[in-house]
Amino acid sequence: MAPKSDQVAKWIGYIHFAQGNYAAAVAALTHGADLGKESDNAYPLILRHFTLQRLGQPDNRLATSWGRWKDDPWSQALAKFAVGQATEDELEKLSSAPTDEKERRGRQCEMHFYIGLARLQAGDKSTARMRFQLALATGIKDYTEYVHSATELKHL
């Protein structure tokens, strides 16, 4: 039985991803995104994109979604990076922009995790490992990207 709450479905997807159950992660993240408001779908759709890549499957949804996130240029930048339309340097610059320390560290945690996933997908395990370690160094333990970075390091 599929959850009726978008938040529950998304968290089930995050858990499946951490467990390495990628097909179930895609299904749950997709279901959560379908149930949720467009403005809340950035992170599940970005993780879904990388998960589909791991499964060797295409993803056309992410590239058609970020236009709805106009109020959140950071989410747009992460999505554009995921599909190859933004660079690591652009993410580095944007992640350093916030003056609020927790927000800046949070962005850096997210940035390092997603760059790590991209590097891992490209076969660059050493840089991926470094990026996951940098995500953990932010100390933002309540971010899913922090938890996923720790899990990814265990698999490397």
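The structure displayed is predicted, hence computed values, not measured ones.
Ala128 approaches Gly116 most closely through the heavy-atom pair CB-O, 3.4 Å. Nearest approach of Ala18 to Thr151, heavy atoms of both residues: O-CG2, 3.1 Å. In plain terms, the two heavy atoms of Ala135 and Cys109 that are nearest each other are CB-O, 3.6 Å. Closest heavy-atom contact between Gly13 and Ala25: O-CB, 3.5 Å. Contact between Ile46 and Ala79 at its shortest, heavy atoms only, is CD1-N, 3.8 Å. Across every non-hydrogen atom of Arg104 and Pro98, the tightest pair is NH1-O, 3.0 Å.
The same ILVMFWY cluster, assembled from side-chain heavy atoms under 4.5 Å apart, contains both Leu94 and Met111. Put simply, Phe132 and Ile140 are part of the same group of oily side chains (I, L, V, M, F, W, Y) that touch within less than 4.5 Å, one to the next. The same ILVMFWY cluster, assembled from side-chain heavy atoms under 4.5 Å apart, contains both Trp11 and Phe50.
At least one side-chain heavy atom of Leu91 sits under 4.5 Å from a side-chain heavy atom of Leu78. When side chains are defined from C-beta on, Gln133 counts as touching Leu153, because their heavy atoms get closer than 4.5 Å. Residues Tyr114 and Tyr43 form a side-chain contact, since some pair of their non-hydrogen atoms from C-beta on lies under 4.5 Å apart.
Listed by chain and number, the hydrophobic cluster partners of Val8 are Ile12, where partners are ILVMFWY side chains within reach of under 4.5 Å, directly or through others. Residue Ile15 belongs to no hydrophobic cluster, having no ILVMFWY side-chain heavy atom closer than 4.5 Å to its own.
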**Request:** Report the C-alpha distance between Glu110 and Arg105 in whole Å, list the side-chain angles of each, state the deciding distance to 0.1 Å, and finish with yes or no for salt bridge (Lys or Arg N to Asp or Glu O under 4.0 Å).
**Result:** CA-CA 9 Å; Glu110 293 167 354; Arg105 287 182 18 235; over 6 Å; no

**Asked** side chain to side chain contact (heavy atoms under 4.5 Å, CB included) between Tyr14 and Leu29: does it pass, once the steps are laid out?
**Response** CA-CA 8 Å; Tyr14 296 147; Leu29 292 168; 3.8 Å; yes

**Item:** Audit row: Leu47, Leu117, side chain to side chain contact (heavy atoms under 4.5 Å, CB included) steps and yes/no
**Value:** CA-CA 9 Å; Leu47 186 60; Leu117 285 182; 4.2 Å; yes

**Prompt:** Run the side chain to side chain contact (heavy atoms under 4.5 Å, CB included) check on Thr127 and Leu120 step by step: do they pass?
**Reply:** CA-CA 8 Å; Thr127 304; Leu120 192 57; over 6 Å; no

**Asked** Stepwise, does the side chain to side chain contact (heavy atoms under 4.5 Å, CB included) test hold for Leu55 with Val26?
**Response** CA-CA 10 Å; Leu55 293 170; Val26 168; 4.0 Å; yes

**Request:** Please lay out, stage by stage, how Glu92 and Arg131 fare under the test salt bridge (Lys or Arg N to Asp or Glu O under 4.0 Å).
**Result:** CA-CA 12 Å; Glu92 291 273 0; Arg131 288 296 186 158; 2.9 Å; yes

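The backbone N or O of Ala33 lies less than 3.5 Å from a partner atom in the side chain of Asn41, making a donor-acceptor pair. Of the possible donor and acceptor atoms, one in the side chain of His49 sits under 3.5 Å from a partner among the backbone N and O of Ala82.
For the ring-ring contact (aromatic ring centres under 6.0 Å, His included) condition, no pair includes a residue of residues 70-112, sequence neighbours left out. Among residues at least two apart or in separate chains, side chain to side chain donor-acceptor pair (under 3.5 Å) pairs with a member in residues 23-35 are Thr30-Arg48, Asp34-Arg61. The salt bridge (Lys or Arg N to Asp or Glu O under 4.0 Å) analysis of residues 132-142, with sequence neighbours excluded, yields the pairs Lys102-Asp142. A salt bridge (Lys or Arg N to Asp or Glu O under 4.0 Å) check over residues 144-156, counting only residues at least two apart or in different chains, returns the pairs Arg54-Glu152. Within the structure, salt bridge (Lys or Arg N to Asp or Glu O under 4.0 Å) pairs that include any residue of residues 5-17 comprise Asp6-Lys10 (at least two apart or interchain).
Residues Lys80 and Glu90 are not paired through a salt bridge, judged by the lack of any N-O separation under 4.0 Å between the basic side chain and the carboxylate.
Taking Thr144 as the reference, nothing meets the side chain to side chain donor-acceptor pair (under 3.5 Å) condition, with sequence neighbours excluded. Under the rule for a side chain to side chain donor-acceptor pair (under 3.5 Å), Gln19 has no partner lying at least two apart in sequence or in another chain. Remark: Tyr22 engages Phe17 in a ring pair (Phe, Tyr, Trp, His ring centres under 6.0 Å) (not counting sequence neighbours). Qualifying side chain to side chain donor-acceptor pair (under 3.5 Å) partners for Arg107, counting only residues two or more places apart in sequence or in other chains: Glu103. For Ser126, the side chain to side chain donor-acceptor pair (under 3.5 Å) test picks out Asp124, with sequence neighbours left out.
If you run side-chain contact (heavy atoms from CB on, under 4.5 Å) between Arg119 and each of Lys125, Arg129, Glu88, only Glu88 comes through.
Taken from CG in Asp59 to CG in Leu45, the straight-line distance is 7.5 Å, to the nearest 0.5 Å. A distance of 5.0 Å separates CG of Leu136 from OH of Tyr146, quoted to the nearest 0.5 Å.
Counting non-hydrogen atoms of neighbouring residues, nucleotides and ligands closer than 6.0 angstrom, the CG atom of Asp100 exceeds 12 such neighbours.
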